[in-house]
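The block underneath contains the structure these notes are about, expressed in structure tokens.
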Number of protein chains: 2
Amino acid sequence: MDTIGHRGASAAFLREDLGPCTCHRRIRSTLDVIANKWAVPVFVELVRAKGEPLRFTQLARAIPGITQKELTKQLREMEAAGLVLRKVYPVVPPKVEYTLTQLGWSLDPVLDALARWAATYGNVVADNQARFMERRKADGAAP
Amino acid sequence: MDTIGHRGASAAFLREDLGPCTCHRRIRSTLDVIANKWAVPVFVELVRAKGEPLRFTQLARAIPGITQKELTKQLREMEAAGLVLRKVYPVVPPKVEYTLTQLGWSLDPVLDALARWAATYGNVVADNQARFMERRKADGAAP
DNA sequence: CGGCATCCATTTTGATACTG
DNA sequence: CAGTATCAAAATGGATGCCG
């Protein structure tokens with residue numbers, strides 16, 4: 001034990017293996033998968049479907065504000081990573097269905113960890129940010 | 001049980017509370033804190049310091065490729081959120097020290113979850129992406 | 001229906017120079 | 001030393017229109 005008291009979890013993700021460099025890359029590669037603007041909304045819809053396939057337009061209508069372009073882009077990215085399965089039916093008019101793969105489902109606990117952190121600390125963070133802005137205004141207004 | 005077999009974790013982050021909308025916001029608000037390009041590198045350095053304060057230039061030299069501008073921006077953002085403490089010594093030449101706060105340390109298990117997911121599935125994802133690119137080239141080359 | 005192509009606005013990032 | 005200011009480059013996001 002050292003005398004510097006933060007007392008909590010201490011860098012589990014750093015101790016587990018070879019050092020900060022590998023660690024950066026790993027965290028970053030996970031973020032690259034889930035940090036895009038529409039990644040989470042698309043993900044959540046597919047999760048909510050519980051394995052039922054969803055058609056392109058179903059997803060589009062379920063996610064307010066998304067454009068076809070962005071939805072296409074996001075689905076392609078997830079398909080490329082192997083998180084979703086894209087099934088094309090050779091019919092007219094076209095029919096394409098999307099489902100989460102096993103690999104896709106494996107992200108569920110990760111997203112859960114993010115949601116839980118915000119549930120616990122989100123308000124504190126928002127408060128801090130608000131106060132920080134206040135202080136900046138006060139400091140800027142009276143020099 | 002339903003007959004559609006994904007068999008794994010099933011939407012823990014959706015069951016815990018009010019629905020997908022709250023869930024989106026929470027996950028997004030956490031991502032807003034950690035998803036910026038330099039957030040993780042800065043974070044990891046502060047974690048590695050184990051509570052020891054780090055000076056601006058120490059951080060800058062420890063993080064290859066970062067510019068002063070980006071480091072300043074990142075540290076300000078983290079300070080605003082209450083994740084780091086910024087201590088200014090009124091001396092010349094200037095001396096400023098940064099440390100993680102308790103709130104900052106609370107992100108450690110979250111980052112750990114991200115690192116662990118990549119440790120488990122990162123190679124599979126990379127493989128999938130490589131194969132996807134191959135397929136795209138093959139399909140484009142022989143129409 | 002699903003999706004690609006194009007154009008444009010906004011944001012993010014980087015390089016460089018300057019300062020108390 | 002620890003920033004700020006300015007400018008340029010690049011990535012991202014949104015709005016349309018067309019097509020099989």
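Letters go in sequence order (proteins before strands), and every chain restarts at 1.
There is no path of hydrophobic side-chain contacts, each under 4.5 Å, that joins B/Leu85 to B/Leu54.
At the heavy-atom level, B/Tyr98 lies under 4.0 Å from the strands shown only through sugar-phosphate atoms.
The side-chain contact (heavy atoms from CB on, under 4.5 Å) test applied to B/Val88 returns B/Arg86, B/Val96, not counting sequence neighbours. With sequence neighbours excluded, the residues satisfying side-chain contact (heavy atoms from CB on, under 4.5 Å) with B/Ser29 are A/Ala118. Legend: residues meeting salt bridge (Lys or Arg N to Asp or Glu O under 4.0 Å) with B/Glu79, ordered by chain and number and at least two apart, are absent. For B/Thr99, there are no side chain to side chain donor-acceptor pair (under 3.5 Å) partners, not counting sequence neighbours. Under the side-chain contact (heavy atoms from CB on, under 4.5 Å) criterion, B/Val33 pairs with B/Leu83, B/Leu107, not counting sequence neighbours. Listed by chain and number, the residues in a side-chain contact (heavy atoms from CB on, under 4.5 Å) with A/Lys95 are A/Arg55, A/Tyr89, A/Val91, A/Glu97 (sequence neighbours excluded).
The side-chain hydrogen bond (donor to acceptor under 3.5 Å, both in side chains) pairs that include a residue from residues 60-73 of chain B number zero, where partners must be two or more places apart or lie in different chains. Listed by first and then second residue, the side-chain hydrogen bond (donor to acceptor under 3.5 Å, both in side chains) pairs involving residues 118-134 of chain B amount to none (not counting sequence neighbours). For residues 30-42 of chain A, every residue pair satisfying the side-chain hydrogen bond (donor to acceptor under 3.5 Å, both in side chains) rule, not counting sequence neighbours, is listed here: A/Asn36-A/Glu77.
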What string of B, S and - do you get for nucleotides 4-20 of chain C, 5' to 3', when a contact is any protein heavy atom under 4.0 Å? S-B------BBBB---B
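The separation between A/Tyr89 atom OH and C/dG3 atom C1' is 18 Å, rounded to whole Å.
Protein chain A touches strand DNA chain D; the 5'-most and 3'-most nucleotides with an atom under 4.0 angstrom of its non-hydrogen atoms are D/dG13 to D/dG20.
A stem is defined here as three or more consecutive Watson-Crick or G-U pairs, each with both distances under 3.5 Å; for DNA chain D these stems are C:1-7 with D:14-20, C:9-20 with D:1-12.
In this structure, A/Arg55 does not reach the C/dC1 phosphate: none of its side-chain N or O atoms is under 4.0 Å from OP1 or OP2.
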